[in-house]
Chemist: 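Can you read through this structure? Questions will come right after.
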Amino acid sequence: MIKGTTRKRTYRAIYRLLDRVSPVPFDCGTICGSACCTAADYDDEVGILLLPGEEKIHDRHADWLDWSVLSTDEFEFPDSWHGNVYFVRCKTPPLCPRQLRPIQCRTFPLAPHITEDGELQLIYNDADLPYCCPMIEEETELDPRFIQATYTVWKHLIRDPLIYDLVEMDSQAREFEE
Ligand code: SF4
Ligand code: SF4
């Protein structure tokens with residue numbers, strides 16, 4: 001498994017910080033049938049990439065997640081990523097132990113972007129998704145506390161060189177497409 005520098009206690013602190021915020025002050029799953037969670041029911045490629053070391057705060061025997069291991073050689077990962085990474089899928093979406101949602105779920109619908117000047121920004125997630133997120137489509141105004149907490153989290157996470165490389169790779173791909 002690839003090893004980043006982000007420690008277990010940092011992931012715990014990040015989860016605690018993000019537990020206190022939500023993108024909007026209501027359950028956005030009610031407007032779309034929890035599209036981002038339930039897409040895994042019909043699309044095998046939908047799942048959640050755990051960040052390097054994020055697996056340390058999860059129980060691989062817990063009954064709500066299916067675990068798979070991806071080789072960084074077979075999929076598009078940064079050149080610095082050598083080895084395997086964990087990819088998880090929920091067994092009963094949209095139901096999950098909320099306090100254990102991975103970071104990918106917690107910071108959606110935003111995504112981190114590093115500009116050419118090296119500045120971290122948050123943007124609406126622009127990945128090619130097999131479902132429509134109304135919040136992304138309509139660029140819904142998000143709770144400033146959620147935005148601030150998400151920014152703080154990504155600012156911290158990109159101190160880990162592997163996570164920086166991942167965010168930078170996606171950012172460069174975006175700039176290239178523009
Ligand atoms: S984040 Fe978007 S797709 Fe997911 S439940 Fe909320 S509105 Fe729906
Ligand atoms: S962990 Fe929870 S929020 Fe994330 S995809 Fe699974 S059901 Fe949805």
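Atoms within a ligand are numbered from 1 in the order they appear, just like the ligands themselves.
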Chemist: Using a 4.0 Å cutoff against the non-hydrogen atoms of Gly29, which atoms of ligand 1 qualify?
Modeler: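 Selected atoms, number and element: 5 (S).
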
Chemist: I need the atoms of ligand 1 closer than 4.0 Å to a non-hydrogen atom of Cys32, numbered in the order shown.
Modeler: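 Near Cys32, meaning under 4.0 Å from one of its heavy atoms, ligand 1 has 3 (S), 5 (S), 7 (S), 8 (Fe).
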
Chemist: Considering only protein heavy atoms, which is closest to atom 6 (Fe) of ligand 1, and at what distance to one decimal place?
Modeler: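 Nearest protein contact, heavy atoms only, for atom 6 (Fe) of ligand 1 is Cys28 SG, 2.4 Å.
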
Chemist: Given that the side chain starts at C-beta and the backbone is N, CA, C, O, which of these parts of Cys90 lies under 4.0 Å from ligand 2, counting heavy atoms, or is it both or neither?
Modeler: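 For Cys90, the contact with ligand 2 is made by the side chain alone.
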
Chemist: Output the list of atoms in ligand 1 that are nearer than 4.0 Å to some heavy atom of Met135, sorted by atom number.
Modeler: 1 (S), 6 (Fe), 7 (S)

Chemist: Tell me the closest heavy-atom pair linking Ile2 and Pro52, and the distance in Å.
Modeler: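 Ile2 and Pro52 have their closest heavy atoms at CD1-CG, 3.7 Å.
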
Chemist: So, Cys36 and atom 2 (Fe) of ligand 1: N/O/S under 2.8 Å, yes or no?
Modeler: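 Checking atom 2 (Fe) of ligand 1 against Cys36, no N, O or S atom falls under 2.8 Å.
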
Chemist: For atom 8 (Fe) of ligand 2, what's the nearest protein heavy-atom neighbour? Residue, atom name and distance, please.
Modeler: Cys37 SG, 2.3 Å

Chemist: Between Trp64 and ligand 2, which residue portion shows a heavy-atom distance shorter than 4.0 Å: side chain, backbone, both, or neither?
Modeler: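 Answer for Trp64: side chain.
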
Chemist: Under a 3.5 Å distance rule, please check whether Arg101 uses its side chain to pair with a backbone N or O of Arg98 as donor and acceptor.
Modeler: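 Pair found, side chain donor or acceptor close to backbone of Arg98.
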
Chemist: Which atom pair, heavy atoms only, marks the closest approach of Cys105 to Ile48?
Modeler: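 Nearest heavy atoms, Cys105 then Ile48: SG-CD1, 3.6 Å.
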
Chemist: Any non-hydrogen side-chain atom of Asp143 less than 4.5 Å from a side-chain atom of Ser22?
Modeler: no

Chemist: Once the angle between the rings of Trp81 and Phe77 is folded into 0 to 90°, is it parallel (under 30°), tilted (30 to 60°) or perpendicular (over 60°)?
Modeler: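 It falls in the parallel class, under 30°.
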
Chemist: Check the angle between the aromatic planes of His58 and Trp64 and answer parallel, tilted or perpendicular using the 30° and 60° thresholds.
Modeler: tilted

Chemist: Quick check on contacts: which atoms of ligand 1 are under 4.0 angstrom from a heavy atom of Phe108?
Modeler: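 Listed by number with element, the hits are 1 (S).
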
Chemist: Would you say the side chain of Asp19 lies within less than 4.5 Å of the side chain of Arg106, judging by non-hydrogen atoms?
Modeler: yes

Chemist: Quick one: are Tyr15 and Ile103 in side-chain contact, heavy atoms under 4.5 Å?
Modeler: yes

Chemist: I need the contact type for Cys133 against ligand 1. Using non-hydrogen atoms and a strict under-4.0 Å cut-off, is it side chain, backbone, both or neither?
Modeler: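 Both of them.
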
Chemist: With atom 7 (S) of ligand 2 as the reference point, say which of Gly47, Pro94, Pro97 has the nearest heavy atom.
Modeler: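 Ranked by closest heavy atom to atom 7 (S) of ligand 2, first place is Pro94.
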
Chemist: Could you tell me which atoms of ligand 2, counted from 1 in the order shown, lie closer than 4.0 angstrom to a heavy atom of Cys105?
Modeler: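 With Cys105 as reference, the close atoms of ligand 2 come out as 1 (S), 3 (S), 4 (Fe), 5 (S).
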
